[in-house]
Amino acid sequence: MADGAAAAVEAGGGQRTGNVFRLPAEAGMLRFLTCGSVDDGKSTLIGRLLFETRALFEDQLAALEHDSRKYGTVGEHIDFALLMDGLEAEREQGITIDVSYRFFATDRRRFIVADTPGHQQYTRNMATGASTADLAVLLVDARKGVVNQTRRHSFIVSLLGIRHVVLVVNKMDLIEFDAERFREIRETYENFATGLGFESLLAIPTSARYGDNVTSASERTPWYEGPTLLAYLETVRIEADPAGQPFRMPVQWVNRPHLDFRGYAGTVASGRVRPDDAIRVLPAGKAAVVSRIVTLDGELAEARAGDAVTLVLAEEMDVSRGDVLAAAGDAAPVADQFAAHLVWMSETPLIAGRSYLIKAGTKTVGGSVTAIKYRINVDTHEHLAAKELHLNDVGVVNLSLASPIAFEPYAKSRDLGSFIVIDRLTNETAGAGTIDFALRRGTNLTWQHLDIDRSARAALNGQKPAILWFTGLSGAGKSTIANLVERKLFAMGRHTYVLDGDNVRHGLNRDLGFTEADRVENIRRVAEVAKLFADAGLIVIASFISPYRADRAMARNGLEEGVFLEVFVDTPIEECQRRDPKGLYAKVAAGKISNFTGVDAPYEPPENPEIRLSTIANSAEALADEVLAELRRRGIVG
Amino acid sequence: MPDERAVGWPESQGQVLQSGADGRARRRAALSPHLKRLQDESIFIFREVVAELRNPVLLYSIGKDSSVLLHLAMKAFHPARPPFPVLHIDTTWKFREMIAFRDETARRLGFELIVHTNEDGIRRGVNPFDHGSSYYTQVMKTEALKQALAKGGYDAAFGGARRDEERSRAKERIFSFRSTAQEWDPKKQRPELWSLYNGRIRDGESIRVFPLSNWTELDVWQYILAEDIPVVPLYFAAPQPIVERDGQLIVVHDERMRLKPGERPEMRMVRFRSLGCYPLTGAIESRADSLPAIIAEMLGFQTSERMGRLIDRDEATSMERKKREGYF
């Protein structure tokens, strides 16, 4: 340690009883979000809270005055909206786009405010802010009362599990502090909010601009006997004690610094744990006993909800990231099928059947939405039929995961009941969901164990099963090459089967059209059939345009390494149009067909196909031989 | 049981003094619930990154936030060492005390320290006097950082930035996505819900991670006090040779400091709230020479911490622009 620092720290360490400990930190922290449109005075309210609690510094105020002159919309006054709108685009356009986090403190509590945008197109950003908040401050303009946006915000607040709401009826100065009007608004809102599951709801009449009832009680509302906004935020009691729930801890990271130590690092989600406690490792359900709770500050006699610790078990066992350690006597349920609420956050719509990654707790697994039960109109709470969920849509869905997870309903645990949906290709966070309950279907429908398996059948056939998945534009030459490959394999005495796009649509998929959702379902069914045939020991040759990478990834999903070979028949669109073997491009050009891949519907070429065939310079015959050579190289045929 | 000191934790951290009846050690003083919550959130973030990314690095600026960051990293992975190296971007204009502290800290905690300097900038003689703070920062900090991150092939970089520092930071995610060009697009941030951080990236893309996002300047100092974390002595008031420039108190730190006509250094009792390159970092007049005195002084501050950082004042949206280009 540097000498100076040592001296200084020691000096500090010697005076540990000064008044610096009379600090707000002792009272804990409240995270809340504010919602309401710009016109309701939300930014002014936050600005005032920050200003009055001295969380705004002089240089920040000076910068704000400067910006108010440049971009401001309130004449001579300081435009507090500019304080919250931290991005250039927001200041230029005068709207809030993204969540902003602000910090202030009083002698009684610390506060983190998430200021969230109000417009419908930013629903996802509001959900982001709400996901970590304990309480919502909902603003309405006293002149307008409860409006559509109030209802939408209340719905999202409720969806994200916030149980405490403050209804700030602002701009009371503009209606001369009319007690009757305030009572009307409060009652309208209370009626509306029934059924949203709020445990506490307080309405406060304010004027953020003049400070009435924000941090000090107003003389202009003698009829209001409740607390000021700040006094309420300082004292409101939040949530039941999560430490009182049964013990749960998702394993984040396996700590193995050397052979003699194996610990499971994680943050206790609920309950408490002590050495010698009996636990279960979920989803497997194996029993174990905690031997030690390790931290840098020494071993602990107990860890409780919120503590980041490392647990050591009495016996060595196989525990990995994503597993949940739970109280043995009261373990969390395990399932792979759920009913869930889902907020869609991607420009690319959610399609039932498409494969995504689902991150729940510390576990990431493949999964898909098997059915969209309905979409919810967030303004009216109406249930609407939907085949897709678009950006900012909220829906109720059935979710199916590739493997089971330990969970709790979101209403019981935010940590074990929430999940995000990640797009497999772009990696964007495409959706966020809350688990309502597990679907029992999984328990009634189990895998029948069969004595003869794939390898037994393959051995009898004297070949390794495989799926050759030909993808490419219409007219690229997929079927021609696939047909040649099958003839060559047949001549060698191999057992094969060709699944062809056009042929399948005459039977199995006769009920499907060409919308994006139907294309996804088309590929899903074909992929399942291909898997069954491969399981039967065959070399399956599937020939489908299959334009979406996500769907080809889904076809590959769940197969052993080396079984699925993606064959990209790479022919430029101009060449396909020139060949036009089925006359389809001519029909497209004549306007008789729309939604045609490569013309007015996208084709996403494979990034790393196992085999790439260029049809420009090579004959179909030569390309078929190329495929066979690759099959030999991989030991699929001898 | 592994030795608690195997990671090289200093004696001054030995708060595990009391043993209970069951023989288990306990901390002498518990953190306040508020600091405990912040600490445990940061530890969670560290662990998520290590679990989900291939090759993380910790960007170490030597300042108080970096000291807290390292301390939290030690906690997150104990008894293992933090499984990533520590990177310092050396502009060659840091205070001597900072460099000495950096090397001492690396030795004390036993981590792998990587120091990178933009050699091209050095060859071209880029300095804060001739080139202005904006260009100098771009070359010696932003470009240097991008070079170092690309060279190391890091896919995640921890930084000590906090949301209370500046308003564009107030908008930034904890896992902040960077394109293959290491640029930040504030309009295309991934939604970040609950503590479900999405660390998935493609080759060449990376994330910057800010475990201290929800901490305030006051939290940092209180935590340093509560946990006895060593910090650079320049944070404590001491006499320094000072010139006053554009309302800022600049320390005449070495012979490279160019004095303007009429400027004469005078000894004043000062300290720093924030540490950077010495010609660009303003000191404040203060007599606070201990942690409690610093905290007491902070409670009376009328200006923000970044007031003393000249690089923020070039233009209204200075920080956002720098961040988009790849600055931390």
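Numbered from 1 within each chain, the chains take letters A, B, ... in sequence-line order.
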For the side chain of B:D164 and the backbone of A:F103, is there at least one donor-acceptor N/O pair under 3.5 Å apart? no
Only pairs of heavy atoms separated by less than 4.5 Å count here; which of A:L425, A:T362, A:N255 has the most with chain B? A:N255
How many angstroms lie between atom OG1 of A:T429 and atom CD of B:E192, to the nearest 0.5 angstrom? 8.0 Å
Which residue out of A:I420, A:D415, A:T132 racks up the most heavy-atom pairs below 4.5 Å with chain B? A:I420
Heavy-atom side-chain proximity of B:R47 to A:V251 below 4.5 angstrom: no
Please report the interatomic distance CZ(A:R102) to OG1(B:T216), rounded to the nearest 0.5 Å. 13.0 Å
Less than 6.0 Å separating the ring centroids of B:F44 and A:W253? no
Pick one of side chain, backbone, both or neither for A:E607, based on which atoms fall under 4.5 Å of a heavy atom in chain B. side chain
Looking only at heavy atoms, the pair that brings B:W194 and A:Y410 closest together is NE1-OH, 2.8 Å
At a heavy-atom separation under 4.5 Å, does B:T105 approach chain A through its side chain, its backbone, both, or neither? neither
Counting heavy-atom pairs under 4.5 Å with chain A, which one of B:K188, B:Q39, B:K36, B:R202 comes out on top? B:R202
Tell me whether A:N608 at atom CG has more than 12 heavy atoms from other residues, nucleotides or ligands lying less than 6.0 Å away. no
Could you state the interatomic distance from CD1 (A:I112) to CZ (B:R37), rounded to the nearest 0.5 Å? 7.0 Å
Closest non-hydrogen atom pair, B:D40 against A:A308: OD2-N, 3.3 Å
Donor-acceptor pair, side chain of A:S131 and main chain of B:L193, under 3.5 angstrom: no
A:K363/B:E52 ion pair, N-O < 4.0 Å: no
Among A:S418, A:P257, A:G306, which residue has the highest count of heavy-atom pairs closer than 4.5 Å to chain B? A:S418
Tell me if a side-chain donor or acceptor on A:K359 pairs with a main-chain N or O of B:L196 at a distance below 3.5 Å. no
Closest contact, heavy atoms only, B:K171 versus A:S100: CE-CB, 3.4 Å
Against chain A, label B:E41 side chain, backbone, both or neither, depending on which of its atoms sit under 4.5 Å from a heavy atom there. side chain
Report which part of A:T364 has an atom under 4.5 Å of a heavy atom belonging to chain B: side chain, backbone, both, or neither. side chain
Between B:L234 and chain A, which part of the residue has a heavy atom less than 4.5 Å away: side chain, backbone, both or neither? neither
Is A:A130 close to chain B through its backbone or its side chain, or both, or neither, when contacts mean heavy atoms under 4.5 Å? neither
May I ask you to test the A:T267-B:I43 pair for a side-chain heavy-atom distance under 4.5 Å? no
Please look at A:R256 and chain B and tell me whether the side chain, the backbone, both or neither of the residue comes under 4.5 angstrom of a heavy atom of that chain. neither
Checking heavy atoms, do the side chain of A:V309, its backbone, both or neither come under 4.5 Å from chain B? backbone
Which heavy-atom pair separates B:N198 from A:E428 by the least distance, and what is that distance? ND2-C, 3.8 Å
